[in-house]
Structures are given as structure tokens and as C-alpha cells.
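A short worksheet on the structure shown next.
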Amino acid sequence: MRDNMAYLRLLGTQYPNIKAASSEIINLMAISSLPKGTEYFFSDLHGEYDAFIHLLRSASGTIRVKIRETFGYIIPENEQVELANLIYYPEKVLENMGREGRNTVDWQRITINRLVEICKVTSSKYTRSKVRSKMPKEFAYVIDELLHVDHNDENKRLYYEEIIRAITDTQVADTFIIVLCELIQNLAIDNLHIIGDIFDRGPRADIIMEKLMEFHDVDIQWGNHDVSWIGAACGNPACVCNVLRIAISYNSFDVLEDGYGINLRPLSMFAARVYREDPCERFRPKILDENIYDAVDPGLAAKMHKAIAVIQFKVEGQIIRRHPEYGMDDRLLLEHVNYDTGIVTIGGKEYPMLDTAFPTIDPQQPLKLTAEEEELLHTLVLSFRHSVLLHRHIRFLYSNGAMYKCYNGNLMYHGCIPMCKDGSFESMTFNGKAYAGKALMDRIEEIIHQAYFLSDDKKEKADARDFMWYLWCGAKSPVFGKDRITTFENYFVEEKSTHKENMNPYYQLSQTEEICNKILEEFGLPVEGSHIINGHVPVKIKDGETPVKANGKLYVIDGGLSKAYQKKTGIAGYTLIYNSHHLALAEHMPFHPDRENTPRVAITEKMRHRVLIGSTDQGEELKNRISDLCELIAAYRSGALKEDKDR
């Protein structure tokens, strides 16, 4: 106790006497006996904000299930669907009903009653104080009363009816309905886990980031696309080019200009002038989404795409030259082009190039930027470094993100734990010391923090910033997980064999329970009852693949939320749901705002006993808190600390 006196005095400021400390112990013990909250796992959001926001609002179909369970034998199917849509999009539904003249007082009273019943179901596993903390202050008292009224008590029943009558009579019913809908959404998901790749391909990753920042409990395991954006924010020129190249290739101008305020005019002017006579056919953007605010002519977009790609290949080559330890000399392909014949040599073989117009490349110094390219790149880097919203989002990625997370028996990371073919963990060497497995993930996370937070005059900063690009595409990068990246070949070489990127042995090995157990033990998790949860590699369900592997030890939940992958996967992503009863997978179909979007939910593992908070990571924290409070009470009783009985 003497060793802890400083801490106990500090704790005593919050609990100044035995009564206060005992009361908190009772509260914590009661919380420990409640069912654990529902955890939701999403992966590879890739800027698909409409679909993701719908998944959040609908709790991936769970709210629809609760409506069916509560009212399935009472109200018809069409009214259940209407109630679900109201909960997901209350403002829109109320506006439509008002326009159609259906938003009557009778409808409002019926709807409030139904919403209160759903709210009771979604709040049943939480403490009353936790539920109340999620309510807006102006309606907290009223909602609390409605949730806990006793209908068997005649007086209380009349009281309940009077509350609802008062809500409609004072014309705040619409506002109250919206509040109830948002409360139901809030209560349906207790913890939100994002297993990487928020950015790229889809239209508005910035909107997703804003939504995540509003959420009460979220963690993020960085993916390779997230790392690329972090690198761009750090000022890595190759990452800046990569972010721009991917955004332009998917026609995602809104996220750059309207979202993050990146000034693309210098790039468009440069591209229009330098590639004026070049149709840039190989660089035509994929039009998966239309831009709302920043429509760009596809012909100009193709020129911008080629311009930034060429600059990217140059600055990537410069990084490879600076870091021979990366072992990426085979990616110096600009130096293996015969600019007279239009032939490129890859892996000792010669291939004709599909595009040979390179007005900014000096064949004698192919990695050297022209003076114009230097100036343009400097301007683009500054635009990323000075974007206020981007850096607000990047800091959130740092504060809520990591390379991996262990939580409630689940190990989450985006890509892989690099492995050798023999099943051993592959190592990387930093400053003469080798790191593998968990130690490698920890070291990489440290470097990612150095890239952003170290001052610019530190040598470690420059090396860390370069390493951000390596994480995007390096052979030993846990968030990339392939032997090489073939961006150059995809643009310029027709031969498909040159496009192949071989997966790290992890992806084959991890399909066995033995290897999954080895990885779980490496991260200090028990083999029994634990799981690994990945994203990164789309599961092609239409080809017979399954997201559950290694006898239930491994979940790969990238099912193609991104439109770019939906033809390959046959679906539109997965949500893994972990509640107190079971693990379940929600399988989503492509999102459409004007049709029913309830997913197919399948239970994949039932818990032997209902999981209570006391047996979770949160429960361990509560036990430690109770132990501290018991020690505080002992200090009061022994006289080591003096009680303040007046408080």
C-alpha cells in the first residue's frame, strides 16, 4: 500500500470516502455481469461512403432482424420495411411522408411506440446510465421514462400515453422520431473495428473519415492504401504521386479537390501542355462514379493520369536508389527501356511497349525529373502538407489506428504477418537488428509514427518517410503482402504473365489451423477460442471461395465493398458481427439507395456460454479498477488516508 499511496491519493479525489468507493465497486461488479456489447468488423471500405454509411445506420441488417423479431407477428412485412428505412434515414423518410400527406398525428403516435420498443431491445444489454449518456440532453428524461415505464401499472400506462400525446401536441414529434432513430443506430453497434483500406478507388473516403470520427468507439488497423495517404500527408513525393494516380484513374476528383482541397490545376495545365498531341489511351480513367463538384473531361484526365504516373516512376526509382536494402532494383524499369526501339527488358526478357511517348524522359537519365516536373511535384507536395482536413483525418488515423490490435480474443491486421515458405516468420533488418513476427509489426508501427511526428531535421524522419512508400509496395511489407507491384507492366506491357504479383507464403500457410495457432501465440493470444481477422484480399465467393478458413480460426472479410471488385467477388462486402451469443457474417449485395439492402446473415460460431463483460478485455479493466478501489477502502479503514465524509 505504501508503494501506491500517491496513486491512491489521486484516486481518493474521485472517491473521497468508503461510501463512494463501495458504491462504485457495486456499479462495476454489476456492469461485469451484463452481456458484452456487439462488435462490428469492416474491411476495405475504399471510399464507398454511401454503402458504408448504410451499413452503419442499419448495423449491417441487425436492426432489420430486431424489427422482425419484435413485430414479425404483429405488423405486416411492408410496414416492417418502412420502419427499418425510417430508422436508417429518418429525415428523408419524414420529408417524403410529409410530402405525401401521411405524416399524421396517429401515424406519429404509432411510430413513436414502435421505435420505443426497438430502442428497448437494442438498449437491453447496457446500463441505464450508458444508454442515457447517448441521448440528447433535451430529450434524455422523456426517453428514459418511456424506456422504463411499467405497462402493468395503470397509472404508469396513462403517464406513458400522456408523454406521447404531449410530444405530438407540441409539434416536436418529427424531431423526437429522428432522435429515437439515431439512438437506435447508436446502440446497435458497441465497438467498430476497421480492418484497413479506408482510402482509394471509391469516391469519398473523406466522408467516411468524418463518419468514423463521429463514432463513439472505433479502432483502425492500417491498410496499404491508408499508409499511402499517411505517407502523402508526411510529404513523401512517391506517395503523393501514388495517391493522385489512383484517384485520377478512378475518376475520384471530388475527394481530392472538394474533399481535401488539393489544387490539381497545376497538374492539369502541365499535362495538357506536355501531352497535348498524346491521346494517352492507356490512361483513360475508370468511370465507376460520377463527380458531383469537380467533373473533369476524360481526355484531360487521361493526360493528367499519364503525367503523374511518369513522375511517380521517376521518384520511386530515386527512393530505390537511396535504399538498396529494399531489394527492389527489379522495379527500376525506366532504366530498362530502350527508348529507340520501344522495348523494355523485364526479368531478362524483352517485351514491346504499348505506349512509347515519353516527352519528359531523358534516356541517359530516365529517373531525373525535368525542371517543370520538379516545380509541379513541389507544389503538389505542399498542397498535401497544407490540407487542414487531411491532417485532421491523418491524426485520427494515428490516434485510433495501429498495425494490429488484439481485442477480446481476436487478432486484427489488414494484410499479413510476413512468412517464409517453411512457416517461419520472415524478418527485416533495421539498424543492424532483425525483427520478425510481432516484433516486426511493432517496429514498423514505430517507424510510421516517426514519419509524421519527428521534426524534419532528423535523419530518421527522411528514412521513415521513404519507408512509407516501401510499405505501400515492398515485398516484406505486412500491409502489401506480395513479392512485387506491377503497376508499370499493367500500363505498358500486354503480356499478362508480367502482371502477376505473387502472394507472400502467409496467404497459403494461414489456411491451416496450425499456422493460425502459431500466429496467435506469437501475439500472446490463447489458441482456444481466438481468431485472426484480415482484409486486403477479396474473397471470390462466386468462384466458391469462403471467408472462413483454417477450421474457423481465420476470417478474411474483404468481400468487395469497392465497386471495382464486385464483378470478381460476386457480392459487395462482408461484416463480421460478434455479439454475446455468436460470431456471424453478413454478406452484402451491391448497395442501391432505392431498394431493400438487408444482407444475408449466417452464424459461423456459437459461444458455449453467453459472453459477459466480465470475461472480456473490458472486464479485465473493470477487475483492475475494483482491485484499486478495494485498496483505497483498505487505506481509509487503516487510517493511511483520511476520508472526506462530507462529500
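- With sequence neighbours excluded, the residues forming a salt bridge (Lys or Arg N to Asp or Glu O under 4.0 Å) with Asp206 are Arg204, listed by chain and number.
- In plain terms, the two heavy atoms of Ser252 and Gly202 that are nearest each other are OG-O, 3.3 Å.
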Determine, step by step, whether Asp466 and Arg322 satisfy the salt bridge (charged side-chain N to carboxylate O under 4.0 Å, His left out) criterion, reporting the C-alpha distance in whole Å, the side-chain angles of both residues, the deciding distance to 0.1 Å, and the verdict.
CA-CA 9 Å; Asp466 281 352; Arg322 284 198 297 272; 3.1 Å; yes
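- Distance check: Asn624 CG to Leu629 CG gives 11.0 Å after rounding to the nearest 0.5 Å.
- Inspection of the Ser228 and Asn242 side chains reveals an N or O donor paired with an N or O acceptor under 3.5 Å.
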Start with the C-alpha gap between Ile198 and Ile220, add the side-chain angles, then the distance that decides, and say whether side-chain contact (heavy atoms from CB on, under 4.5 Å) holds.
CA-CA 9 Å; Ile198 297 165; Ile220 300 161; 4.0 Å; yes
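- Partners of Asp217 by side chain to side chain donor-acceptor pair (under 3.5 Å), not counting sequence neighbours, listed by chain and number: Asn191.
- Around the NE2 atom of His378, the shell of radius 6.0 Å holds no more than 12 heavy atoms that belong to other residues, nucleotides or ligands.
- Listed by first and then second residue, the salt bridge (Lys or Arg N to Asp or Glu O under 4.0 Å) pairs that reach into residues 304-321 are Asp278-Lys306, Lys306-Asp355, Lys314-Glu373, Arg321-Glu335, sequence neighbours excluded.
- Heavy atoms only, all atoms of each residue included: Val479 and Gly223 are closest at CB-C, 4.0 Å.
- Residues meeting the ring-ring contact (aromatic ring centres under 6.0 Å, His included) test with His305, sequence neighbours left out: Phe283, Tyr491.
- Residue Ser383 comes nearest to Asn263 through the heavy atom pair OG-N, 3.1 Å, listed as atom of the first residue, atom of the second, then distance.
- Of all the heavy atoms in Thr486 and Glu501, the pair that sits closest is N-OE2, 2.8 Å.
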List the steps and the verdict of side-chain contact (heavy atoms from CB on, under 4.5 Å) for Leu440 and Ile417.
CA-CA 9 Å; Leu440 176 61; Ile417 307 300; over 6 Å; no
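- When the ring-ring contact (aromatic ring centres under 6.0 Å, His included) test is applied to His391, the partners found at least two apart in sequence or on another chain are Tyr452.
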Evaluate Phe425 against Ile519 for side-chain contact (heavy atoms from CB on, under 4.5 Å), listing each step before the verdict.
CA-CA 9 Å; Phe425 294 118; Ile519 294 170; 4.0 Å; yes
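- Between Arg392 and Glu210, the closest side-chain pair of non-hydrogen atoms falls below 4.5 Å.
- Taking the six-membered ring for Trp, His536 and Phe480 have ring centres at least 6.0 Å apart.
- Legend: residues meeting ring-ring contact (aromatic ring centres under 6.0 Å, His included) with Phe41, ordered by chain and number and at least two apart, are His193.
- Within the 4.5 Å cutoff, no side-chain heavy atoms of Thr360 are placed close to those of Leu369.
- Using a distance-only test at 3.5 Å, with no hydrogens or angles considered, a donor-acceptor pair links the side chain of Lys461 to the main chain of Leu454.
- Atoms CG and CG, on Asp362 and Leu334 in that order, are 11.5 Å from each other to the nearest 0.5 Å.
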Quick one, Glu620 with Arg625, criterion salt bridge (charged side-chain N to carboxylate O under 4.0 Å, His left out). Give me CA distance, side-chain angles, the key distance, then yes/no.
CA-CA 9 Å; Glu620 285 300 310; Arg625 184 76 167 173; over 6 Å; no
With ring-ring contact (aromatic ring centres under 6.0 Å, His included) as the test, would you mind laying out the steps for His531 and Tyr555 before giving the verdict?
CA-CA 7 Å; His531 311 86; Tyr555 285 80; 5.8 Å; yes
Apply salt bridge (charged side-chain N to carboxylate O under 4.0 Å, His left out) to residues Asp617 and Lys405 and explain how you reach the verdict.
CA-CA 12 Å; Asp617 288 1; Lys405 185 179 180 69; over 6 Å; no
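- Applying the ring-ring contact (aromatic ring centres under 6.0 Å, His included) test to Tyr326 and every residue at least two apart in sequence or in another chain returns His323, Tyr470.
- His386 places no side-chain N or O within donor-acceptor distance of the main-chain N or O of Val381, the cut-off being under 3.5 Å.
- Annotation: side chain of Met213 is not in contact with side chain of Phe215 (no heavy-atom distance under 4.5 Å).
- Not counting sequence neighbours, Arg9 has no partner by the salt bridge (Lys or Arg N to Asp or Glu O under 4.0 Å) test.
- To the nearest 0.5 Å, atoms OG1 (Thr127) and CD1 (Ile613) are separated by 8.0 Å.
- Between the side chain of Asn4 and the main chain of Tyr7, no donor-acceptor pair closer than 3.5 Å is present.
- In the displayed structure, Met269 atom CE is contacted under 6.0 Å by at most 12 heavy atoms of other residues, nucleotides or ligands.
- Contacts of Lys36 classified as side-chain contact (heavy atoms from CB on, under 4.5 Å), with partners at least two apart in sequence or in another chain: Glu39, Asn408, Tyr578, Ser580, Val611, Thr616.
- Residues satisfying the side chain to side chain donor-acceptor pair (under 3.5 Å) criterion with Trp229, sequence neighbours excluded, are Asp200.
- Annotation: cation-pi pair Arg331/Phe488 absent, no NZ/CZ under 6.0 Å from the ring centroid and within 45° of its normal.
- Looking at Lys482 and Asn504, their side chains never bring a donor and an acceptor atom within 3.5 Å of each other.
- Residues meeting the salt bridge (Lys or Arg N to Asp or Glu O under 4.0 Å) test with Glu426, sequence neighbours left out: none.
- In this structure, Phe467 CZ and Ile444 CD1 are separated by 4.5 Å, a value rounded to the nearest 0.5 Å.
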Please step through side-chain contact (heavy atoms from CB on, under 4.5 Å) for the pair Trp469 and Val315, ending with a clear verdict.
CA-CA 10 Å; Trp469 172 78; Val315 293; over 6 Å; no
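- In this structure, Glu521 has no salt bridge (Lys or Arg N to Asp or Glu O under 4.0 Å) partners at least two apart in sequence or on a different chain.
- A pairwise comparison of heavy atoms in Asp463 and Lys459 identifies OD2-NZ, 2.6 Å as the closest pair.
- Note that the CE atom of Met403 and the NZ atom of Lys438 stand 12.5 Å from one another [nearest 0.5 Å].
- Between Lys134 and Glu182 there is no salt bridge, since none of the side-chain N atoms of the basic residue sits less than 4.0 Å from a carboxylate O of the acidic one.
- The shortest side-chain heavy-atom distance between Asp442 and Tyr404 falls under the 4.5 Å cut-off.
- Of all heavy-atom pairs between Trp472 and Asn224, the closest is CE3-O, 3.4 Å.
- With rounding to the nearest 0.5 angstrom, the CZ atom of Phe52 is 4.0 Å from the CD1 atom of Ile194.
- In this structure, the side chains of Leu56 and Tyr40 stay at 4.5 Å or more apart for every pair of heavy atoms.
- Within the 4.5 Å cutoff, the side chain of Tyr413 has heavy atoms near those of the Met441 side chain.
- Using modelled atom types, one finds no donor on one side chain facing an acceptor on the other under 3.5 Å when comparing Asn534 with His414.
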